[in-house]
Amino acid sequence: MQLQRVWLIVRSGSQAAQRQARRCCEDLRSQGVQVSVASSGASSNPFPGLLATEPCLPDLTVVLGGDGTVLSAARHLGPLEVPILSFNVGGHLGFLTQERKLLVLSTSSSDDNLWQRLRDDRFALERRMMLEAFVDRGDGVPEGDEPEDPASDGPARLHRALNDFYFRPFLDELSPTCVLELEIDGEVVDQFRGDGLIIATSTGSTGYAMAAGGPILHPGIDAIVVNPICPMSLSSRPVVVPPRSQLAIWPLGEPSRRVKLWKDGAHATVLEPGDRCVVQRSGHCALMVVLQQSPSYYRTLSHKLHWAGDLTASEPSPN
């Protein structure tokens with residue numbers, strides 16, 4: 001990998017991430033690398049500004065934060081095929097991030113120096129499936145906040161997500177529930193009455209979908225998880241569908257029963273009854289840099305979710 005230009009994306013409000021960013025910035029600039037530093041958070045999105053003002057795309061984006069900071073970077077940079085290297089600095093679970101101890105090696109003078117490892121191509125690139133969605137208001141014109149072609153300045157027609165899209169009632173004080181009709185590949189499958197509906201990737205199966213009782217899917221599986229949130233029916237269960245499936249979601253009910261669409265936990269748009277939201281696999285993947293030689297997804301699950309197993313067998317068996 002060439003390291004001529006690097007973007008450092010830092011979680012807003014995290015002093016630990018800011019300190020680490022300063023160290024990385026000093027180290028990279030001392031090696032002649034052009035570095036741009038920007039903060040990312042719930043109220044700050046640096047990517048439109050970076051994409052509009054920077055002369056060219058970076059060779060690498062380093063994210064210092066938690067999963068939320070990574071998801072924001074993936075939505076903007078995945079379609080542009082910019083590799084993302086992330087470290088859990090100031091975050092929480094960190095399912096998508098590398099171990100922080102690997103970042104400490106960035107200032108080392110040994111062959112294990114982080115930047116030298118990247119230059120020597122001693123890493124792997126993991127392609128994570130993404131989702132895209134557009135809203136049809138009945139006029140036949142797709143609506144979103146990103147152009148279909150990320151390399152163009154065309155009209156905004158798509159929403160993108162690495163983890164999930166989910167639908168929730170717009171006004172909780174009016175009613176905590178909504179009614180959503182689901183159509184898969186042109187066939188009406190179910191009407192969900194409850195707190196909402198989650199459409200997730202395998203990457204997102206350990207996020208909101210898991211919290212709502214959905215299955216955990218290995219990220220090597222390309223599939224789409226359909227998971228109702230607190231359904232008012234025992235027959236409404238999570239289902240996993242093939243990645244090429246096209247899902248359409250229709251809010252039903254009175255005009256006041258509006259529904260919010262969220263992407264990776266960020267607000268996307270509002271749907272009126274009669275609007276149609278189509279969710280499908282994106283034509284682009286998020287490129288995630290993996291430094292560990294033998295990463296174990298199951299070890300990550302065990303560590304992040306505090307799996308303990310049977311209380312009478314605290315140690316793994318010899319088998």
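Count residues from 1 along the sequence.
With hydrogens and angles disregarded, a donor-acceptor distance shorter than 3.5 Å links the side chain of Asp264 to the backbone of Asp164. Looking at Ser282, its side chain never comes within 3.5 Å of a backbone N or O of Glu132 through a donor-acceptor pair. A donor-acceptor contact shorter than 3.5 Å is absent between the side chain of Ser72 and the backbone of Thr69.
Partners of Glu126 under the side chain to side chain donor-acceptor pair (under 3.5 Å) rule, at least two apart in sequence or in another chain, are Arg128. Evaluation of the side chain to side chain donor-acceptor pair (under 3.5 Å) rule for Ser12 yields Ser44 as partners, not counting sequence neighbours. The side-chain contact (heavy atoms from CB on, under 4.5 Å) test applied to Pro58 returns Arg5, Trp7, Thr61, Val82, not counting sequence neighbours. Remark: Arg19 pairs with Gln15, Ala16, Arg22, Arg23 by the side-chain contact (heavy atoms from CB on, under 4.5 Å) rule, at least two apart or across chains. For the ring-ring contact (aromatic ring centres under 6.0 Å, His included) test, residues two or more places apart in sequence or in another chain that qualify with His76 are Phe47. Contacts of Thr300 classified as side-chain contact (heavy atoms from CB on, under 4.5 Å), with partners at least two apart in sequence or in another chain: Phe95, Lys304. Applying the side chain to side chain donor-acceptor pair (under 3.5 Å) rule to Arg160 yields no partners; only residues at least two apart in sequence or on another chain are considered. With sequence neighbours excluded, the residues satisfying side-chain contact (heavy atoms from CB on, under 4.5 Å) with Val270 are Phe170, Arg258, Lys260, His267. Residues forming a side chain to side chain donor-acceptor pair (under 3.5 Å) with Glu81 (at least two apart in sequence, or on another chain): none.
In plain terms, the two heavy atoms of Met210 and Ser205 that are nearest each other are CB-O, 3.1 Å. Taking each heavy atom of Glu254 and Pro273 in turn, the nearest pair found is O-CG, 3.0 Å. A pairwise comparison of heavy atoms in Val70 and Met288 identifies CG1-CE, 3.5 Å as the closest pair. Closest approach of Ala21 and Val10 over heavy atoms only: CB-CG2, 3.5 Å. Here the closest heavy-atom approach between residue Ser39 and residue Gln18 is recorded as OG-NE2, 3.6 Å. The minimum heavy-atom distance linking Glu181 with Gln191 is given by the pair OE1-NE2, 2.8 Å.
In summary, of the residues considered (Leu131, Thr203, Ile198), a side-chain contact (heavy atoms from CB on, under 4.5 Å) with Asn163 occurs for Thr203 alone.
Residues Leu60 and Leu64 share a hydrophobic cluster, clusters being chains of Ile/Leu/Val/Met/Phe/Trp/Tyr side chains in contact below 4.5 Å. Using a 4.5 Å cut-off between side-chain heavy atoms of Ile, Leu, Val, Met, Phe, Trp and Tyr, with links allowed through other members, Trp115 and Leu8 fall into the same hydrophobic cluster. Transitive grouping of hydrophobic side chains (ILVMFWY, heavy atoms separated by less than 4.5 Å) brings Met130 and Ile84 into a common cluster. By the rule that hydrophobic residues join a cluster once side-chain heavy atoms approach within less than 4.5 Å of another member, Val259 and Tyr208 end up as members of separate clusters. There is a path of hydrophobic side-chain contacts, each under 4.5 Å, that joins Ile224 to Leu182.
In Arg157, the CZ atom is crowded: over 12 heavy atoms of neighbouring residues, nucleotides or ligands sit closer than 6.0 Å.
Using cut-offs of 30° and 60° on the angle between ring planes, the pair His218 and Tyr298 is tilted.
From Ile9, atom CD1 reaches atom CG of Leu50 across 5.5 Å, with rounding to the nearest 0.5 Å. Separation of atoms CG (Leu80) and CG (Leu51) is listed at 6.0 Å; rounding is to 0.5 Å. Rounding to the nearest 0.5 Å places CD1 of Ile229 at 7.5 Å from CG of Asn227. Rounded to the nearest 0.5 Å, atoms CZ (Arg276) and CD1 (Ile249) are 9.5 Å apart. A distance of 8.5 Å separates CD in Gln20 from CZ in Phe87, rounded to the nearest 0.5 Å. One distance of note links CZ of Arg137 with CD of Glu143; it measures 4.0 Å at 0.5 Å rounding.
The closest side-chain heavy-atom distance from Asp136 to Val278 is not below 4.5 Å. Looking at Leu247 and Val189, their side chains never come closer than 4.5 Å, going by heavy atoms from C-beta outward. Inter-residue side-chain proximity for Leu28 and Val62 is flagged as unmet; no heavy-atom pair is nearer than 4.5 Å. With contacts defined as side-chain heavy-atom distances shorter than 4.5 Å, the pair Phe167/Leu261 qualifies.
Counted by atom type alone, Gln34 and Gln4 present zero donor-acceptor pairs between their side chains at under 3.5 Å.
Trp250 belongs to a hydrophobic cluster with Val179, Leu252, counting contacts under 4.5 Å between side-chain heavy atoms of Ile, Leu, Val, Met, Phe, Trp and Tyr, direct or through other members.
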Could you walk me through whether Val226 and Ile199 satisfy the side-chain contact (heavy atoms from CB on, under 4.5 Å) test, starting with their C-alpha distance in whole Å, then the side-chain angles of each, then the deciding distance to 0.1 Å, before giving a yes or no? CA-CA 5 Å; Val226 181; Ile199 311 295; 4.0 Å; yes
Working note: Leu118 + Asp59, criterion side-chain contact (heavy atoms from CB on, under 4.5 Å); need CA distance, chi angles, decisive distance, verdict. CA-CA 11 Å; Leu118 295 172; Asp59 303 303; over 6 Å; no
Working note: Val289 + Gln98, criterion side-chain contact (heavy atoms from CB on, under 4.5 Å); need CA distance, chi angles, decisive distance, verdict. CA-CA 9 Å; Val289 176; Gln98 305 287 303; over 6 Å; no
Assess whether side-chain contact (heavy atoms from CB on, under 4.5 Å) is satisfied between Leu96 and Asn88, documenting all intermediate values. CA-CA 8 Å; Leu96 298 172; Asn88 189 14; over 6 Å; no
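Among residue pairs with one or both ends in residues 210-224, those qualifying as salt bridge (Lys or Arg N to Asp or Glu O under 4.0 Å) are Asp222-Arg281; sequence neighbours excluded.
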Residues 232-242, side-chain donor-acceptor partners within the protein, below 3.5 Å, at least two apart:
residue	atom	partner	partner atom	Å
Ser233	OG	Ser235	N	3.2
Ser233	OG	Ser235	OG	2.8
Ser236	OG	Asp190	OD2	3.4

